[in-house]
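Whatever order the structure lists ligands and atoms in, that order sets their numbers, starting from 1.
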Amino acid sequence: MIHSSLTQLGAALRAKKISSVELTQSYLDRIAQLNPKLNAFITVNPEMSLAQAREADTRFASGKVGALTGIPIAQKDIFCAKGWLTTCGSKMLHNFVSPYDAHVISQFNNAGAINLGKTNMDEFAMGSSNETSHYGPVKNPWDTARVPGGSSGGTAAAVAARLCAAATGTDTGGSIRQPAALCGISGLKPTYGVCSRYGMIAFASSLDQAGPMGRSAEDLALMLNVMAGFDERDSTSLQREKEDYTRDLNKPLTGLRIGLPKEFFAAGMGSDVAQAVEAAIAEYKKLGATIVEISLPNSKLSVPVYYVLAPAEASSNLSRFDGVRYGYRAPEYGDLADMYEKSRAQGFGAEVKRRIMIGTYVLSHGYYDAYYLQAQKIRRLIAQDFTEAYKQCDVIMGPTSPSTAFKLGEKGDDPVQMYLSDIYTIAVNLAGLPGMSIPCGFGANDMPVGLQIIGNYFDEARMLNVAHQFQLATDWHSHAPQGL
Ligand code: GLN
């Protein structure tokens with residue numbers, strides 16, 4: 001059962017071959033067995049999950065069911081879920097039980113899905129290796145000496161190790177796609193505004209976007225059907241007609257124009273990654289696609305631009321954690337200012353502090369024009385490169401990550417090396433475009449390689465079609481880590 005797709009699980013539940021309670025319990029058992037090794041979950045709450053499963057089982061009796069009813073889905077611990085501990089991977093929120101549901105969470109609840117637990121993540125989603133979590137690093141299920149990627153590393157590890165049927169992630173600069181690539185699963189970051197950010201703890205609000213992570217493009221489409229949708233509580237949520245993201249899955253790819261950015265295929269990409277990505281492109285040619293060389297000349301500036309804009313927004317967003325309203329408060333302090341200072345000094349980890357300092361600096365008087373304003377201008381140029389490119393092609397492909405999963409501790413002392421993990425993913429967030437990663441082979445040390453597929457605005461259905469056709473023709477997505 002644990003290798004079944006969401007479609008298969010849904011069918012088994014509707015045919016009453018298994019109940020939601022049984023299915024949920026089997027995943028909970030697997031988590032109890034494997035989580036000590038992987039550290040993929042921060043919180044499991046069997047009582048709450050099983051209560052939801054019992055309710056789902058009554059829905060099957062009444063016939064009011066959807067594609068995800070009764071299916072256990074894990075949630076990144078960045079999403080507020082009513083009654084659940086919601087930490088965002090930080091000591092700052094070690095005791096925060098959310099009094100309300102994020103929009104994404106309530107969409108899953110309405111669909112009758114089961115919240116299987118909260119997955120581990122980099123602190124406040126800042127990181128590419130899951131090593132900044134207050135709750136300790138997550139281990140890559142393909143090799144537990146290696147990182148799963150980040151910041152949605154708990155989700156990626158949980159999906160890869162079959163600890164849940166599918167799960168959610170968030171992506172500010174690559175945090176869905178990069179861990180998906182490093183753990184050999186599929187993940188999609190939708191167009192900015194497709195999923196509501198209400199109740200999703202904010203990192204960099206103009207970049208943050210929620211999205212599904214799962215074992216196949218088809219599973220992602222079913223997840224996105226539930227996650228997407230207008231929400232008036234998020235002023236950047238887009239009011240659009242409800243879409244069925246599965247509608248184009250089975251279209252043939254004949255005539256598809258794939259753009260390959262020459263900047264992505266230059267120095268910097270590991271030769272093992274290059275080999276797997278090139279083999280995937282060859283497969284697409286067999287499926288009827290044509291290849292166009294394109295250029296994204298400003299994409300080389302995306303990492304520096306991101307590391308001005310994202311910390312700037314983070315420094316503002318994180319000012320709410322002051323020890324007064326919620327979360328951690330230093331046990332001993334003098335006056336009010338001392339309480340703020342001690343609570344923040346003790347509650348935030350090193351990477352979060354680094355971002356707050358950079359953000360405060362680039363926004364300060366005298367530096368704002370030189371850094372923040374310049375970065376905003378280059379952000380526009382990066383987005384325009386994509387608009388130009390889409391005059392010549394339908395989707396853009398390249399690597400998701402320059403390397404396969406690296407060793408735990410390998411990049412810990414060098415933030416710039418860590419930041420470069422997202423060199424191929426960040427431009428997509430800066431432009432607000434949708435991007436996904438699907439498994440396309442194995443590289444050095446038999447670690448998974450991800451193929452990145454970037455779409456035009458609101459072209460998620462086409463991207464899922466492009467990914468699904470590849471997954472019908474190949475079986476990279478169905479490999480699972482052995483010997484756990
Ligand atoms: N790794 C990037 C960072 O550290 C992106 C994180 C993300 O997408 N949440 O900011």
Which residue and heavy atom of the protein sit nearest atom 5 (C) of ligand 1, plus the separation:
Y306 OH, 3.3 Å
Audit row: R240, F458, side chain to side chain contact (heavy atoms under 4.5 Å, CB included) steps and yes/no
CA-CA 10 Å; R240 307 183 78 242; F458 307 113; 3.4 Å; yes
Per-atom filter on ligand 1: closer than 4.0 angstrom to a heavy atom of M126 are 4 (O)
Please determine whether the number of non-hydrogen atoms from other residues, nucleotides or ligands lying under 6.0 Å from atom CG of D413 exceeds 12.
no
Within-cut-off N or O pair, S128 and ligand 1, under 3.5 Å:
yes
Given the side-chain rings of W142 and F442, with only the six-membered ring counted for Trp, is the space between their centroids under 6.0 Å?
yes
Atoms in ligand 1 with a heavy atom of A125 nearer than 4.0 Å:
6 (C), 7 (C), 9 (N)
Would you mind telling me if ligand 1 is within reach of the side chain of Y307, the backbone, both or neither, using heavy atoms under 4.0 Å?
side chain
Below 3.5 angstrom, do we get any N/O pair linking G150 and ligand 1?
no
Top protein contact for atom 6 (C) of ligand 1, by heavy-atom distance:
S175 OG, 2.9 Å
For ligand 1, does F203 get within less than 4.0 Å through its side chain, its backbone, both, or neither, judged by non-hydrogen atoms?
side chain
Atoms of ligand 1 close to S151 [distance to a heavy atom under 4.0 angstrom, numbered from 1]
9 (N)
Could you check whether atom OH of Y100 has more than 12 heavy atoms from other residues, nucleotides or ligands sitting under 6.0 Å from it?
yes
Which is it for K76 and ligand 1 at heavy atoms under 4.0 Å: side chain, backbone, both or neither?
neither
Atom 1 (N) of ligand 1: nearest protein contact (heavy atom, Å)
D422 OD2, 2.5 Å
Students often mix this up, so state it plainly: with edges at 30° and 60°, are the rings of F124 and F321 parallel, tilted or perpendicular?
tilted
If we only consider heavy atoms of Y419, is any one of them less than 4.0 Å away from an atom in ligand 1?
no
Taking atom NZ as the centre, does K407 end up with more than 12 heavy-atom neighbours from other residues, nucleotides or ligands that are less than 6.0 angstrom away?
no
Answer yes or no: are there more than 12 heavy-atom neighbours, outside K82 itself, under 6.0 Å from its atom NZ?
no
Checking side chain to side chain donor-acceptor pair (under 3.5 Å) against K76, which of T119, T168, T155, T170 comes through?
T170
Closest candidate by heavy atom, reference atom 4 (O) of ligand 1, pool E351, M418, R355
R355
Which residue is it: Y368, Y307, Y367? I am looking for the one with a ring pair (Phe, Tyr, Trp, His ring centres under 6.0 Å) to Y361.
Y367
